[in-house]
Student: 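The structure that follows is given in the form of structure tokens.
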Amino acid sequence: MTTNENKFQQIISHAKEYGFVFQSSEIYDGLSAVYDYGPYGSELKKNIRDYWWKSMTQMNENIVGIDAAIFMHPLTWKASGHVDNFSDPMIDNRDSNKRYRVDHLIEGLADKLKEEGKTQEAESLLAEMDRLLVAEDYAALKELIVTNKIVCATGGTSNWTDVRQFNLMFSTEIGSVAEEADKIYLRPETAQGIFVNFLNVQKTARMKIPFGIAQTGKAFRNEIVARQFIFRMREFEQMEMQFFIRPGTQKEWYEHWKETRLQWHLSLGVPREKYRYHDHVKLAHYADAALDIEYEFPFGFKEVEGIHSRTDFDLKNHQLLSGKKLQYFDNEINQNYIPYVIETSIGLDRMFLLILSESYEEETLTKEDGSTDTRALLRIPAKIAPIKLAILPLTKKDGLPEIARQVMDECKNYFRCFYEEKDTIGKRYRRMDAIGTPFCITIDHQTKEDQTVTIRYRDTMQQERIPVSKVKEIVLNNIM
RNA sequence: GCGGAAGUAGCUCAAUUGGUAGAGCGAUAGCCUUCCAAGCUAUAGGUCGCGAGUUCGAGACUCGUCUUCCGCUCCA
């Protein structure tokens, strides 16, 4: 437990030291739960995103992608349930540190009054509460709790904080003139951009059910607790796919995607035992089945991806609020219906952290003279590594850099390369290990005579002599 | 949001009972014909998280504030 805790700290330090992840606005003391990706981090993140995108769209003829805007019509979030379900006023008890939804607290008292036969008193209490909730009069709501002597169920005291609004969605204004400005939200999930475009996509790409729409993009949530590095962020990136199906077939498609998505994870070389499924017992308002794919992070098994059977909840509500028919005519059964949906939703930042956690290693090496040395390395799968190939002239004279530059020019159109002629060769190898570069080639004096170079493998530290003309091909074979 | 701990160079840490900051590693430039981080030389880099207060004088003491870490609470 403690060693894992240390390992997590080491990963965080390593991520900063080698240009993967920085805290946002660090020179101003940082911004809580917001992080920036550095030179190698942004490459890795992009590679993970591309790998997901390709596996969804390129590898499945019935899945297409979109890129919907972050801003959406405010009614979108009314339809999705985000406005009503996730923006309740809350109050804390200072003694027990318990947090309550204000309406639950007052409704609790009303129920008690009804049991005591004071029905009229209960009704007027609830009416007053509703009036204040609509008016967003938080001071009066607190007053209502205090005057009715509502106490904390745990501590039994009435030492309450002020009533506060915990809206998990970020809001801003649209419209350049203040008076015309209208409240608008930053999307808390990318899914709704897919749902509102369901008909556009289905018609223009001539999709037939079952089919999927994939999207990657930023989403924003005002998390109550922001901690655990990039695991929980206020601004994060999702990779989602909504799969539209005939009602009644949700069970089999749910199973299909449950299995398919786990296989995707395993394709990155992560052992099966580091994953587990976690079925949701308490389902969200939109789902009839849901599970998480969890990975064993250094701080325990945590959700990386969710598979949700969302029924027709979203399309049905958008149809209701927009007044537009969001239906599909199924020729096979000669029927019109609102499709059911299976969602796969994975956090890109969590996947990034997963890759770091899985690939980070501090290895102890025994040298020829018997002394020991440590090497910090990232065993990132070659296909998503930030840098694929390092090109290193053994010395920076005798024409070696010139040959190295030729190799560089030949390879850099195909994959990301890194050229380095400074410091001892050992030091350069270790630097490449630290950022997860799978292959290094070294140009030496022998290269001038027989056109061969040394290729050195990150994971084994093994080296072998290969023709310089084979370099590009070898790397390409390993990253495709 | 509550409670506890911490905050000195990119990193890890020093600075005698308060007397206006140092080292190692790293980085940068160069030397050494150098295949697994420890050879040599030089250089850069800090208003000691920020703001007040006590004091002749504060990195060290007091208060506030911000951030981070640990626990509790919450989570679509």
Student: What's the gap between rA38(B) and rG26(B) when it is taken at their C1' atoms, as a whole Å value?
Tutor: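 Between the two C1' atoms, the distance is 13 Å.
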Student: How does RNA chain B look in dot-bracket notation if pairs are Watson-Crick or G-U with both distances under 3.5 Å, crossing ones as [ ], other-strand ones as |?
Tutor: (((((((..((((.....[..)))).(((((.......))))).....(((((..]....))))))))))))....
Student: If I take atom CD in residue Gln10(A) and atom C1' in nucleotide rC69(B), what distance separates them, rounded to the nearest angstrom?
Tutor: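 My rounded result for the distance is 16 Å.
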Student: Suppose you measure atom P in rG51(B) against the same atom in rG59(B); what distance do you get, rounded to whole Å?
Tutor: 12 Å
Student: Consider the side chain of Tyr429(A), meaning its heavy atoms from C-beta on, and name the nucleotide among rC69(B), rC35(B), rA76(B) that approaches it most closely.
Tutor: rC35(B)
Student: Write down the distance between CZ (Phe299(A)) and P (rG71(B)), rounded to a whole number of angstrom.
Tutor: 12 Å
Student: Given the C1' atoms of rG22(B) and rG46(B), what is the spacing between them in whole Å?
Tutor: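 The same atom, C1', in both gives a distance of 11 Å.
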Student: For the side chain of Lys388(A) and the backbone of Pro438(A), is there at least one donor-acceptor N/O pair under 3.5 Å apart?
Tutor: no
Student: For rA58(B) and rU47(B), measure between their C1' atoms and round to the nearest Å.
Tutor: 14 Å
Student: Closer than 3.5 angstrom, by distance alone: can the side chain of Gln319(A) be matched with the main-chain N or O of Leu326(A) as a donor-acceptor pair?
Tutor: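 Present.
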Student: Between Arg375(A) and Glu362(A), does at least one N-O distance fall below 4.0 Å, as a salt bridge requires?
Tutor: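 No, Arg375(A) and Glu362(A) are not salt-bridged.
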Student: Of all the choices, rA27(B), rU28(B), rC35(B), which nucleotide is nearest to the side chain of Arg431(A) once you look at every atom?
Tutor: rA27(B)
Student: Contact class for Arg456(A) vs. all strands (heavy atom < 4.0 Å): base, sugar-phosphate, or nothing?
Tutor: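 Contact class for Arg456(A): base.
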Student: Check RNA chain B against residues 459-479 of chain A and give the residues with a non-hydrogen atom under 4.0 Å, in numerical order.
Tutor: Met461(A), Gln463(A), Arg465(A)
Student: So Asp433(A), base contact, sugar-phosphate only, or nothing? Heavy-atom distance under 4.0 Å.
Tutor: nothing
Student: Looking only at the side chain of Thr442(A) (C-beta and beyond, no hydrogens), which of the listed nucleotides rA38(B), rC35(B), rA29(B) gets closest?
Tutor: rC35(B)
Student: From C-beta outward on Lys16(A), which listed nucleotide comes closest to its side chain: rU33(B), rG10(B), rC69(B)?
Tutor: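 Of the candidates, rG10(B) comes closest.
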Student: Got a donor-acceptor pair under 3.5 Å from the side chain of Arg232(A) to the base of rC75(B)?
Tutor: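 Under the 3.5 Å cut-off, the side chain and the base do form a donor-acceptor pair.
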Student: Looking only at atom P, what distance separates rU12(B) and rU8(B), rounded to whole Å?
Tutor: 8 Å
Student: Does NZ or CZ of Lys258(A) come closer than 6.0 Å to the centre of the six-membered ring of Tyr277(A), within 45° of the ring's axis?
Tutor: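 Flagged: Lys258(A) positioned over aromatic ring of Tyr277(A).
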Student: Examine Arg276(A) relative to Phe301(A) and say whether NZ or CZ is less than 6.0 Å from the centre of the six-membered ring and inside a 45° cone about the ring axis.
Tutor: yes
Student: Below 4.0 angstrom from OP1 or OP2 of rU68(B), is there any side-chain N or O of Gln23(A)?
Tutor: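 Answer is yes, contact under 4.0 Å.
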Student: Using atom C1' of each nucleotide, how far apart are rU68(B) and rG49(B) to the nearest Å?
Tutor: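 So the two C1' atoms sit 11 Å from each other.
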Student: On RNA chain B, compare the nucleotides closest to Tyr457(A) and Glu189(A); which residue's is nearer the 5' end?
Tutor: Tyr457(A)
Student: P atom, rA21(B) versus rC25(B): distance in rounded Å?
Tutor: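 So the two P atoms sit 23 Å from each other.
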Student: Can you tell me if Arg465(A) and Thr452(A) form a side-chain donor-acceptor pair at under 3.5 Å?
Tutor: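 Per modelled atom types, Arg465(A) and Thr452(A) side chains form a pair under 3.5 Å.
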Student: What integer distance in Å separates Arg234(A):CZ from rC75(B):P?
Tutor: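 Rounded to the whole Å, the gap is 17 Å.
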Student: Salt bridge check: are Glu420(A) and Arg428(A) linked by an N-O gap of less than 4.0 Å?
Tutor: no
Student: Strictly below 4.0 Å, N to O, side chains only: are Arg458(A) and Asp433(A) in salt-bridge contact?
Tutor: no
Student: In this structure, how many angstroms lie between the P atom of rA76(B) and the CZ atom of Phe195(A), rounded?
Tutor: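 Distance check: Phe195(A) CZ to rA76(B) P gives 17 Å.
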Student: Between Asp409(A) and Arg405(A), is the closest basic N to carboxylate O distance under 4.0 Å?
Tutor: no
Student: Report the residues that fulfil side-chain hydrogen bond (donor to acceptor under 3.5 Å, both in side chains) with Glu237(A), sequence neighbours left out, ordered by chain and then residue number.
Tutor: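 Scan of Glu237(A) (side-chain hydrogen bond (donor to acceptor under 3.5 Å, both in side chains), adjacent residues dropped) gives Lys45(A), Arg49(A).
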Student: If I pick the C1' atom on rA60(B) and the same atom on rA15(B), what distance separates them, to the nearest angstrom?
Tutor: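 These two C1' atoms come out 10 Å apart once rounded.
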Student: Please classify the nucleic acid contact of Ser13(A) as base, sugar-phosphate, or nothing, using heavy-atom distances under 4.0 Å.
Tutor: nothing
Student: Both Ile425(A) and Lys396(A) contact RNA chain B. Which one's nearest nucleotide lies toward the 5' end?
Tutor: Lys396(A)
Student: Using whole Å, what does the distance between atom P of nucleotide rA27(B) and atom NZ of Lys422(A) come to?
Tutor: 7 Å
Student: Under a 4.0 Å N-O cut-off, is there an ion pair linking Asp423(A) with Arg430(A)?
Tutor: no
Student: Using whole Å, report how far NZ of Lys427(A) lies from P of rC40(B).
Tutor: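 Checked: the NZ to P distance equals 11 Å.
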Student: Using 30° and 60° as the class boundaries, would you call the ring planes of Phe297(A) and Phe231(A) parallel, tilted or perpendicular?
Tutor: perpendicular
Student: Do any side-chain nitrogens or oxygens of Arg430(A) fall under 4.0 Å of OP1 or OP2 in rC35(B)?
Tutor: no
Student: Rounded to the nearest Å, what distance is computed from the CD atom of residue Glu362(A) to the P atom of nucleotide rC11(B)?
Tutor: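 After rounding, the gap between these two atoms is 17 Å.
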Student: If you only use heavy atoms from C-beta on, which nucleotide in rC70(B), rA38(B), rC35(B) is closest to the side chain of Asp373(A)?
Tutor: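 Among the listed nucleotides, the one closest to the side chain of Asp373(A) is rA38(B).
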Student: Find the distance Glu26(A):CD to rG10(B):C1' and express it as a whole number of Å.
Tutor: 10 Å
